[in-house]
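Only one structure is covered here, and it is reproduced in the block below.
We use all heavy atoms of the structure for the numbers below, so side chains are in, but hydrogens, waters and symmetry mates are not.
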Amino acid sequence: MCGILGTVYDREVPTDWLDLRPLQHRGPDAQNSQVLGTAHLGHTRLSIIDLSSGAQPMSDINKQATIVFNGEIYNYAALRRELEGAGHRFATRSDTEVILAAYLEWGVPGFARLRGMYAFALYDRRTRSTVLARDPFGIKPLFWTQTAHRLHFASEIGALLSQARLEPDLDLTSVLETLAHRYAFGQHTLYQGVQRVEPGTALIIADRLDMIRRVQFVSLIEEVERHRERAGRLTPQDVEARVADSVAHHTVADVPLGCFLSGGLDSSVVAQRLSVESAGPLQAYSVGFQGAQSEVSEVPHARAVAKAIGADLHEVEVGPADFADLAPVLSGSRNGPFADPADVAMLKLSLAAACDVKVVLSGEGGDEAFAGYPKYAADRYARLLGPAMRLARTPLGRRGRVGIAADALAEPRRAVRWMRWFENDAAPPAMVSALLAGGAQPGRALGWVEDRLARYPSDWSDLQRMQVLDLESWLPNNLLHRGDYTTMQASIEQRVPMLDLALTPWAVALPDHEKLSRLRGKMPVRRAFAHRLPRQVLERPKSGFRLPLGEWLRSDPGLRAMAQGHLLTPGARLRDWLGAAELERLLSPQALATTGGAKLAWTALCLELWLGAARPQPVPA
């Protein structure tokens, strides 16, 4: 895991220093850069594989291409043997050098053979072109922007803007999408002109910026179709074998590994398989919250799993002081905002894990792969329950899971309904109105979703469409982005074995009846690991982080002072969007007494921290 940064020019590279300091947390072990033709490539290294000779930028043995790479390739040993058979020679034991040889042998289509997570920039001396590429699930981030005579790229937006010396205007539509849906859709970001390299895609940048060409080298649609065509009888042994194979591949490292263990099914499955692969007791990390009631805590479930598999469980307690200290770290830069309270917990958990290990495995992606979200099961009844839900939607609102389900199921249009399942109920209404008045386009996200759905094969089930839509949007632009950022702030690498080309498309391709049973999902995983995990973990419903945030904001002096100091000061940027009276109301004890009010206040605070760093032009309320 590392950070990459660089610039491609339309003329000779100037002598500007490539400032790698904004990415040092992503790679504290080494930093270096190199000028190659019209490209300047920079790298910060967190050493995981080939600690002694894996330094970057790295060139192949014949100096035909040079790369800076963030991520890991888990099948690099097998690819290396194949490439050696084709005549390639290697100077290191690193996976980085294998990417170079694969590119030289097979070109951009060869990236489809890489099994791992990655974002890289590669300079080809033969064609004097630069290639940017990102893994098929978007596990690793890669952003880019183009200015006069230059194209810049980086692992993080803040570093990109610093390198490009930009203070761009906000993309108000992306801000609206982030408020309404928790993330901006497609290649868009919160800044005008700053884009994501899309998953499974390469940008080929010609010498001197004459042309930029997009090439999709992996299509999740095609991968799912390939497995649907080969579908046969499913057994629990098939599922366990595929999960075991993915976890085994994700243990490739020359440094200690651990895992995040929430006590949920996915992280428990990963931990169980990882314990089998570990030479000694597995180091597992779980989070609890000060003042949270035991019935909503994840820790008892994590303890049960740790006891069953013989893991050493490290319990990390998060309290209001952590929210006061860590929220500015997460949201107080141009990389923000990170308004989900779980991100604070993840950062503290990562900081604790970093004391012992450099790599952690988590269960991220299991819900999308094996249909674990309750919405997947409930959506099957949309046609039957829709008319009743349209009557119940207004009185229920979006309060609780029943209200969210009623609001979604009441919508007959698939695209709109599927967006509503994950709609954010903590968006300040006055800010939404201000964004709309400022020109934000509320239909852009829906257009993107409808375009994606139109590409899915007509004989797919609605469940398969929902799963792939989440794999193409919700995961890369939201969950994986947040997971990467929080773990890299602690300089550790997070791996997600439930997201793997040999596992995930196969799981999505399974028939609906194999994955769902009434209102329960992930049935293949439950059956496959029934003899490996405690019953309470196999049968517990899907549950997220639940913590007494409203109580903390009301009663903890330090956290309350921090929130008031940012939101109620005359210089607060949100005053341009919401007004002073609304900000005061958000922090009132009455507003904070409800779960929705607490989430709304926290969202506003994270937005204020980010707006202070982003320094956008005001949008009138």
Side-chain angles (χ1 to χ4, degrees), residues 1-8 18-27 41-44 68 70-71 118-121 132-135 138-147 150-179 181-199 201 203 327-340 343 347 473 475-489 491 573 606-617:
M1 188 72 66
C2 306
I4 64 174
L5 172 70
T7 300
V8 183
L18 199 61
D19 186 2
L20 296 172
R21 290 174 297 179
L23 293 178
Q24 190 166 355
H25 56 280
R26 298 187 70 93
L41 308 184
H43 186 260
T44 65
V68 286
N70 168 32
Y118 51 86
F120 56 78
L132 307 181
R134 190 176 178 206
D135 68 74
I139 303 169
K140 293 294 98 195
L142 186 54
F143 303 96
W144 68 283
T145 191
Q146 194 165 2
T147 60
R150 302 179 183 188
L151 182 145
H152 309 273
F153 62 87
S155 297
E156 293 180 5
I157 290 179
L160 177 73
L161 298 180
S162 177
Q163 170 66 11
R165 298 173 184 171
L166 282 178
E167 291 188 11
D169 291 335
L170 298 185
D171 182 329
L172 298 186
T173 300
S174 290
V175 177
L176 178 64
E177 291 172 3
T178 301
L179 284 175
H181 304 287
R182 298 183 173 91
Y183 61 96
F185 286 72
Q187 79 274 18
H188 300 288
T189 71
L190 294 172
Y191 299 93
Q192 291 185 24
V194 177
Q195 300 181 55
R196 310 170 195 264
V197 176
E198 295 182 285
T201 299
L203 296 186
V329 174
L330 287 172
S331 293
S333 77
R334 291 190 286 182
N335 295 304
F338 291 86
D340 194 313
D343 296 331
L347 178 53
S473 57
L475 262 175
N477 288 18
N478 180 28
L479 297 185
L480 295 174
H481 170 66
R482 291 162 44 209
D484 172 84
Y485 191 76
T486 50
T487 52
M488 289 311 308
Q489 286 294 309
S491 301
R573 297 303 300 256
C606 294
L607 284 168
E608 178 61 36
L609 290 168
W610 169 65
L611 288 168
R615 301 184 296 275
Q617 294 298 313

Test log, rule side-chain contact (heavy atoms from CB on, under 4.5 Å), inputs Asp340 and Asn478:
CA-CA 10 Å; Asp340 194 313; Asn478 180 28; over 6 Å; no

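- A donor-acceptor pair is defined here as one N or O able to donate and one able to accept, closer than 3.5 Å; such a pair exists between the side chain of Asp135 and the backbone of Lys140.
- The heavy-atom pair separating Leu132 from Ala121 by the smallest distance is CD2-CB, 3.5 Å.
- Separation of atoms CG (Asp169) and CG (Leu166) is listed at 10.5 Å; rounding is to 0.5 Å.
- Partners of Phe338 by ring-ring contact (aromatic ring centres under 6.0 Å, His included), not counting sequence neighbours, listed by chain and number: His481, Tyr485.
- Residues Leu190 and Pro337 form a side-chain contact, since some pair of their non-hydrogen atoms from C-beta on lies under 4.5 Å apart.
- Taken to the nearest 0.5 Å, the OG atom of Ser155 stands 8.0 Å off from the CG atom of Leu5.
- Applying the side-chain hydrogen bond (donor to acceptor under 3.5 Å, both in side chains) rule to Thr7 yields the partners His152, Gln163; only residues at least two apart in sequence or on another chain are considered.
- Between Gly3 and Leu23, the shortest heavy-atom distance links the atoms C-CD1, 4.1 Å.
- For the pair Leu607/Leu179, a side-chain contact is recorded, criterion being any heavy-atom separation below 4.5 Å from C-beta on.
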What verdict does the side-chain contact (heavy atoms from CB on, under 4.5 Å) test give for Phe153 and Leu41, after you've listed the backbone C-alpha separation in whole Å, the side-chain angles of each residue and the deciding distance to 0.1 Å?
CA-CA 9 Å; Phe153 62 87; Leu41 308 184; 3.7 Å; yes

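- Partners of Arg334 according to the salt bridge (charged side-chain N to carboxylate O under 4.0 Å, His left out) rule, which considers only residues two or more places apart in sequence or in another chain, do not exist here.
- For Thr487, the side chain to side chain contact (heavy atoms under 4.5 Å, CB included) test picks out Phe260, Ser350, Ile492, Gln494, with sequence neighbours left out.
- Residues satisfying the salt bridge (charged side-chain N to carboxylate O under 4.0 Å, His left out) criterion with Glu608, sequence neighbours excluded, are absent altogether.
- In terms of the side-chain hydrogen bond (donor to acceptor under 3.5 Å, both in side chains) criterion, Arg196 has no residue partners (sequence neighbours excluded).
- Distance check, rounded to the nearest 0.5 Å: CG of Leu20 to CD1 of Ile4 gives 11.5 Å.
- Remark: the backbone N or O of Arg482 is paired with a side-chain donor or acceptor of Thr486 at under 3.5 angstrom.
- With a 4.5 Å cut-off on side-chain heavy atoms, Gln195 and Thr145 do not count as touching.
- Proximity of Pro168 to Leu161: side-chain heavy atoms (C-beta onward) are separated by under 4.5 Å at one or more points.
- When the salt bridge (charged side-chain N to carboxylate O under 4.0 Å, His left out) test is applied to Arg21, the partners found at least two apart in sequence or on another chain are Asp19.
- Put simply, OG1 on Thr44 and CE on Met488 are 7.0 Å apart, with the number rounded to the nearest 0.5 Å.
- Checked against side-chain hydrogen bond (donor to acceptor under 3.5 Å, both in side chains), Tyr118 has no partners two or more places apart in sequence or in another chain.
- Under the side chain to side chain contact (heavy atoms under 4.5 Å, CB included) criterion, Pro141 pairs with Arg26, Asn70, Phe143, Asp484, not counting sequence neighbours.
- Under the 3.5 Å distance criterion, the side-chain polar atoms of Trp610 are matched with a main-chain donor or acceptor of Gly336.
- Residues satisfying the ring-ring contact (aromatic ring centres under 6.0 Å, His included) test with His181, not counting sequence neighbours, are Phe185.
- To the nearest 0.5 angstrom, Leu609 atom CG is 10.0 Å from Ser333 atom OG.
- Taken to the nearest 0.5 Å, the CG atom of Leu160 stands 10.5 Å off from the CH2 atom of Trp144.
- With hydrogens and angles disregarded, no donor-acceptor distance shorter than 3.5 Å links the side chain of Arg134 to the backbone of Thr201.
- Applying the side chain to side chain contact (heavy atoms under 4.5 Å, CB included) rule to Ala133 yields the partners Phe111, Phe120, Ala202, Phe217; only residues at least two apart in sequence or on another chain are considered.
- With sequence neighbours excluded, the residues satisfying side-chain hydrogen bond (donor to acceptor under 3.5 Å, both in side chains) with Asp171 are Ser174, Arg444.
- The minimum heavy-atom distance between Ala119 and Leu142, with the atom names listed, is CB-CB, 4.0 Å.
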